[in-house]
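One structure below.
Computed from heavy atoms alone, side chains included, the values below leave out hydrogens, waters and symmetry copies. In what follows, every chain begins at residue 1, and chains take the letters A, B, ... in the order their sequences are listed.
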Amino acid sequence: MAEATSPARSLTWLLLGLSGQALTLQTRPSVDGAGPAPRSVLTQSHLLLPAQALSSSEGRCAIAHAAAHLLFSPLGSPAGKLKPMSMAVMSAIEDARAERLFMKRFPGTRQWFLAALRGSVQRDKLSCESLVSRMDLALMDDRYNDDNHWVNKARQLFEAQADRDLGDYDAFRRIGSLLANDLGQMRVPFRPELYCVPAPYRDDNSCLWIYEDQRAQPKPEIALSAAASLPLSANDSTRKQPADNSELARWSYPEWEHRTEVLRRDWCTVVDRRPAWGLQQPNSASPVLLRGAAPLRLIHARRLNRAHRLHRQWEGDELDLNAAVDVMVAQRAHLPVDARLFIRVASEQRACSVLVLLDMSESTNDRPNPGSTCLLDVEKSAGLLLARALQGSADRLAIFGFSSNTRFEVNNYRLLEFGQPLDGAVQALVTSAPGRYSTRMGAAIRHATQALICETTASRILLVVTDGAPSDVDIHDTRYLVEDARHAVHTARDAGLVVHGLAVDPHADSAPKNYVRRIFGWGHYSVVDNASDLPSRLCHLYARLSDA
Amino acid sequence: MDPLAGYRLREEPFYRPAGNEVALYEHAWAHRMPMLLKGPTGCGKTRFIEYMAWKLGRPLITLACNEDMTASDLVGRYLLDAQGTAWHDGPLTLAVRHGGICYLDEVVEARQDTTVVIHPLTDARRILALDKKGEVVQAHSDFQLVVSYNPGYQSRSKDMKASTRQRFAALEFDYPTAEGECAVIVAEGGASEDVAKQLVGIAHRSRALKNHGLEEGISTRMLVYAARLIASGLNARQACSMTMTQALTDDPEMAEALQGFVDAHFP
């Protein structure tokens, strides 16, 4: 069971449950050659485990030990002028103290630690590591006998203090300092560059200390492993600004001139594009997606077709009168009775097609407040979440994104086509689509309408997500594009589409702008005040509209 | 003859109040106000209503709602017998006619168009219209409607209709505090205080995983089950594996993590 799957997920959960803190678990790349064997590294946000520590029993120990530190150890004490050997011994004492406290809360973990320490004790040499490993075991296993004076002294001091007060960190620190001093007097050789914590499941104790020069800079381990986990992109600088997004086709659409009430023929050019997608850096992609958002469970209220009734059923809400008459006749005639005499409403497999049209203008790159996700990423996550929720259902989904650069170039990014399976390529495509230029909504809606009209499903829904009023650099009349979009929406409705607008703009339906109601009509728009609500609102809306 | 005899509770169900919910409910009962009990699975909603029904001496008619439930399953339907068709009251109609507490468990599991039949019962009219039979039943003076649901578990699209939920007064339930849960396990499961403490510890660990891969943590009910098995002599870890780990999840990795909690608590 454990061998078949990577244990990382279960270990993450174990750590979360035991410590109450959600840390990211990562495998520490193993380094070949000389030097101390790798130990795990605990930081405020990460636990890096050496690759070989991932066997289930050792991994579990490592998690429990890390949780013990997180719960009971004061992390990041200033190292000051402490000698490396003092720090090593103090750390070992602190390991034992934290584990002792941990075992009080989780009595079962005693077996875990005991087995691991018994396996790692070094009896042969008279080195610092060997002595510390024997002390580790002596502090855990009361049946262990050691002939070394120092080990026995450590045990005696530790147990005496443990009986008094296990929570007194400073007292244990003094014990550690005393023991380190003894070790120095015994002239036990100590080479800091070669020393490593003897028990393989314990971390390197770097979390316990903080050095003067270390405060400013990030821990090297994190930077290192973050760099290692990035997918390598060959020429990063050229990828960032895709010079050319591959063009698929060009289309001409009319535009509505509201003052003269004339439809200008072939006025706008819509360019179907596929974003040039390279391997994007994860930090530029949507964080929601990266965190592996829990798949949204979109349960359809089961659609019943009241017009379609199944006759002569074993069970049902109503009697089938014809069948009942037959039964009565059969009874009178003493013939065998067919007891299937109910009518049931049939459930209906009625699929719908949904096209989500995303605003990908320059303004969607803005972040509402520093550090938050930009709207473009939220839009993309929302689209992908919906796509993921619809996987395996009969409903068909397409995602288009639009931006415009004058009437000669209204870009339409075809991110997900109807019927296309949602795979890694689509996700990469969606995450790499750029946000730029302006919002010429009318042309984009007309183009999306064309795509939806080709769908043969019973209901066809167009969801338009935008962050502001339509605009473009070659238009100065603010009403012009609003009226054009309104015309496009009406045309789409005439063609039998359901069109609904989602404005991520708290002021979209209030004066002076009030464009969203003008475009989509009363009851056919929603205003999303907080961009982070967009995914849930979109899915909610989908459930409502597809049900109607 | 009492048509609801089978629905009366004969013995006092065990219930340990977490706050003043008993008094609150009694006030609501005095006005026969429809009640909505919400809270996570296995935290004691059903036990509470059983206890209240016993305390108030009313029969309790429980219906577990599901997606296939129709209005006929609630109000009743015509069935065929030797003489012809005959009307059979559904459980809701029984409670309305003869005065009982009708408890719809997990009401959001039923389709929304099904639950609409309770609307005229839950306002000032207090009537149930049996349209197929052509009868209007005026509710008995002791009739009360109670529904329960679990807000965390269902998807958003399965929430209650606003027009339905605003007819109810609501009581929120949650898992008891650690001491409270211990007391429940000792009383219900017959486990020792020590075992109960460890079981509660495991449950708290698992509840930290909610929304991190678990939909619901280990419930009080599961703890009681585990305690019963342990009290009857089963090894604690096996009992927990049976009633908690394997019962809660099918995901082998999640099961491993949960069993890790169990092992951490029971040597």
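The closest side-chain heavy-atom distance from A:Arg332 to A:Val329 is not below 4.5 Å. A heavy-atom distance below 4.5 Å is found between the side chains of A:Leu538 and A:Leu502.
Per-residue counts of heavy-atom pairs under 4.5 Å with chain A were compared for B:Gly201, B:Ala264, B:Ser72; the largest is that of B:Ala264. Heavy-atom pairs under 4.5 Å with chain B peak, among A:Ala64, A:Ala324, A:Pro107, at A:Pro107. The choice from B:Asp73, B:Thr70, B:Asp263 that makes the most heavy-atom pairs within less than 4.5 Å of chain A is B:Asp263.
If you measure heavy-atom distances from B:Lys132 to chain A, the contacts under 4.5 Å come from the side chain alone. Heavy atoms of A:Leu319 lying under 4.5 Å from chain B belong exclusively to its side chain. Neither the backbone nor the side chain of A:Val337 has a heavy atom closer than 4.5 Å to any heavy atom of chain B. Of the two parts of A:Phe102, neither the backbone nor the side chain holds a non-hydrogen atom closer than 4.5 Å to a non-hydrogen atom of chain B. Residue contact with chain B, scored on non-hydrogen atoms closer than 4.5 Å, is absent for A:Leu15. When heavy atoms are compared at a cutoff of 4.5 Å, B:Phe261 approaches chain A by way of both its backbone and its side chain.
Remark: side-chain polar atoms of A:Asp320 are paired, donor with acceptor, to backbone N or O of A:Arg312 under 3.5 angstrom. Here the side chain of B:Ser206 pairs a donor or acceptor atom with the backbone of B:Ile218 at under 3.5 angstrom. Panel note: side chain B:Arg205, backbone A:Gly17; a donor-acceptor pair is recorded below 3.5 Å.
Under a cut-off of 6.0 angstrom, the local environment of OH in B:Tyr225 is sparse, with at most 12 non-hydrogen atoms contributed by other residues, nucleotides or ligands.
For the side-chain hydrogen bond (donor to acceptor under 3.5 Å, both in side chains) test with A:Glu99, the passing option among A:His65, A:Arg110, A:Lys104 is A:His65; the others fail.
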